[in-house]
Amino acid sequence: MRISKEHIAAHNEEHQADNEAHLAFLDAQLSKQGVTLSLLLDQLKDFQVAIPSWALGAGGTRFGRFSIGGEPGSLEDKLDDVGVIHALTQTAGAISLHIPWDIPKDTAAIKQRAEEHGIVFDAMNSNTFQDQQGQPFSYKHGSLSNSEKASRQLAIDHNIEVIQYGQELGSNALTVWLADGASFPGQNNFRKALQNTQESLHEIYSHLPQDWKLLVEYKPYEPNFYSTVIQDWGTSLMLAEGCGERAHTLVDLGHHLPNTNIEQIVATLMAKGRLGGFHFNDSKYGDDDLTCGSIKPYQLFLIFNELVYGMQNNDAGNPPLAWMIDASHNVKDPIEDLMQSLEAISIAYAQALLVDQQALEEAQRNHDVTMCQEILQRAYRTDVRPIVAAARAMAGGALDPLGLYRKLDVRGQLIGERGKTVVATGL
Ligand code: LRH
Ligand code: MN
């Protein structure tokens with residue numbers, strides 16, 4: 001299933017006049033605020049977010065999984081689905097693979113297919129939270145933190161293998177997320193588990209190619225429900241600093257206890273020059289992996305406001321960030337859900353670019369608390385959708401990706417090609 005440029009041109013033809021009318025109104029409004037629309041469009045046009053290879057099929061929970069039909073049955077199919085999303089949005093120019101769920105059988109062919117879709121390979125993800133068939137040592141009681149040297153070494157070797165797959169594909173980052181932890185008090189020696197993890201990560205880091213980054217992802221709980229070795233940003237930062245300059249923290253928005261101030265964590269990590277990237281999603285309770293901006297859009301905006309400020313004041317030399325989605329689709333069409341997330345992320349970024357940072361700093365200096373909020377919310381309450389749509393069209397995408405996706409009945413065509421019962425690898 002391919003979306004042709006002709007499909008998109010015809011669609012944009014239909015929607016152009018309407019979007020330009022909105023754009024002209026916004027341009028008049030924003031230029032009064034000293035905002036140059038063309039600059040904003042350029043920044044948005046170049047903004048790319050990686051799609052998780054494990055979220056192109058229907059997700060599920062321990063209570064059940066409901067097929068969507070037409071799911072990708074191979075890595076080739078997954079690249080084609082990311083190709084559909086990228087053709088429609090021009091914002092999904094990368095895929096993040098999870099090993100062993102997505103081991104490329106023919107690397108050259110996979111690279112060729114990705115190239116045809118204009119997709120590159122973002123961070124690689126290792127998996128030491130599941131035992132593979134015939135695995136000599138189990139990860140049941142941990143991987144990099146396990147008290148058993150054999151399990152630790154197996155997990156280290158797996159991560160080194162993942163780096164090799166990534167090198168062949170042109171990736172330049174490894175994301176390590178550990179399920180390691182305990183479900184009951186007394187089950188683990190916290191200090192030994194942390195020490196083992198530091199030593200294991202250091203061993204992996206010593207095998208990292210010079211142009212690569214190591215991204216250490218933290219999470220407070222699940223699948224362990226009493227303690228997790230890498231439970232929060234502080235532990236991740238400490239472990240990253242314990243590895244070296246090219247080790248950074250990865251912030252998965254769903255990996256925070258309720259009411260955590262994530263935008264402050266982002267500001268802190270950027271101030272330390274150790275923010276490596278994101279797994280964007282949204283949640284109401286736990287690691288719900290819901291559509292970005294579907295539950296807490298204002299939080300997403302506040303996070304991007306800290307990112308924009310951090311990138312404009314990057315005295316700590318924070319590296320370019322890895323922008324990735326990490327979601328799971330229990331009730332929505334995965335492609336539609338991912339396009340909604342891309343829209344929400346682009347909207348939050350565009351609104352954050354509208355924040356008058358100079359005026360905000362002045363209001364902060366003057367302790368004018370009311371004005372601080374006014375400055376933020378003026379940007380947040382600006383309907384930037386016509387700008388996000390125009391940036392997409394400028395890059396060759398559709399003004400209304402979801403509308404065109406449905407008009408072309410892409411899911412119907414995928415079901416026709418792949419059948420109703422294919423189950424994609426992943427969560
Ligand atoms: C853990 C996580 C991690 C992935 C997995 C699929 O919750 O966020 O990033 O490895 O989901
Ligand atoms: Mn994640």
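Atoms within a ligand are numbered from 1 in the order they appear, just like the ligands themselves.
For ligand 1, the atoms lying closer than 4.0 Å to a non-hydrogen atom of Trp54 are 6 (C). Here is the list of ligand 1 atoms found below 4.0 Å of a heavy atom in His279: 9 (O). Against a heavy-atom cut-off of under 4.0 Å, Asp287 is close to the following atoms of ligand 1: 7 (O).
The distance criterion of under 3.5 Å between nitrogen or oxygen atoms is not met by Trp101 with respect to ligand 1.
Under 4.0 Å is where a charged nitrogen must lie from a carboxylate oxygen, and between Arg418 and Asp77 at least one such pair does. Lys420 and Glu71 are not joined by a salt bridge, as no carboxylate oxygen comes within less than 4.0 angstrom of a charged side-chain nitrogen. Using a 4.0 Å cut-off between charged nitrogen and carboxylate oxygen, Glu245 and Lys213 do not count as a salt-bridge pair. A salt bridge links Arg113 with Asp80: at least one charged nitrogen is closer than 4.0 Å to a carboxylate oxygen.
What sits closest to atom 7 (O) of ligand 1 on the protein, heavy atoms only, is Lys219 NZ, 2.9 Å. From the protein, the heavy atom lying nearest to atom 11 (O) of ligand 1 is Asp326 OD2, 3.3 Å. Here the protein heavy atom with the shortest distance to atom 4 (C) of ligand 1 is His98 NE2, 3.7 Å.
Taking the centre of each ring, His11 and His15 come in below the 6.0 Å mark. Aromatic rings of Phe47 and Tyr349 (six-membered ring for Trp) have centroids within the 6.0 Å cut-off, being under it. Residues Tyr218 and Trp177 place their aromatic rings such that the two centres sit no closer than 6.0 Å.
Around the Mn ion (ligand 2), the angle linking Glu217 (OE2) with Asp252 (OD2) is 90°, rounded to 10 degrees.
Checked against the Mn ion (ligand 2), the N, O or S atom of Asp326 at the shortest distance is OD2. Looking only at its N/O/S atoms, His279 has ND1 as the one nearest to the Mn ion (ligand 2).
Heavy-atom distances between Asp252 and ligand 1 reach below 4.0 Å in at least one pair.
Of the heavy atoms in Asp289, none comes closer than 4.0 Å to ligand 1.
Of all the listed residues (Glu217, Met324, Glu222), Glu217 holds the heavy atom that lies closest to atom 9 (O) of ligand 1.
Between Phe304 and the choices Tyr309, Trp323, Phe278, the ring pair (Phe, Tyr, Trp, His ring centres under 6.0 Å) rule is met once, by Trp323.
Aromatic ring orientation, Phe301 versus Tyr298: parallel (interplanar angle below 30°, classes split at 30° and 60°).
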